[in-house]
Amino acid sequence: MNTNMNNQTVNPCGCTPIVCPERVCVVHCTHRYNQPVIIPVRTHVVNHFVPCYTYEIVRSTSEENVCPGNTQQGLR
């Protein structure tokens, strides 16, 4: 084996090197960024009214006069 001053093997036959097609290595990088997403929300309020009974006493007054010996009674 013949070597030159740089410790490389010398090609004794003078052959040209074979060049293969280029190989491509792909590196996928993921970068995050903020993308606003708007979510509309509508609130609908339904008011239900239920009766709650409160009792009120309505008073009325009547008055009667009674006279002894009188057959008619006076009502007011």
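In the hydrophobic clustering (ILVMFWY side chains linked at under 4.5 Å, chained through shared members), Val58 stands by itself. Counting side-chain heavy-atom gaps under 4.5 Å among Ile, Leu, Val, Met, Phe, Trp and Tyr, the cluster of Val24 also holds Val26.
Partners of Cys15 according to the side-chain contact (heavy atoms from CB on, under 4.5 Å) rule, which considers only residues two or more places apart in sequence or in another chain, are Asn11, Cys13. His44 is linked by a side-chain contact (heavy atoms from CB on, under 4.5 Å) to Arg42, Val46, counting only residues two or more places apart in sequence or in another chain. For Val41, the side-chain contact (heavy atoms from CB on, under 4.5 Å) partners two or more places apart in sequence, or in a different chain, are Ile39. With sequence neighbours excluded, the residues satisfying side-chain contact (heavy atoms from CB on, under 4.5 Å) with Tyr33 are Gln35.
Residues Cys29 and His31 are in side-chain contact: their nearest non-hydrogen atoms beyond the backbone lie under 4.5 Å apart.
Taken to the nearest 0.5 Å, the NE2 atom of His28 stands 9.0 Å off from the OG1 atom of Thr30.
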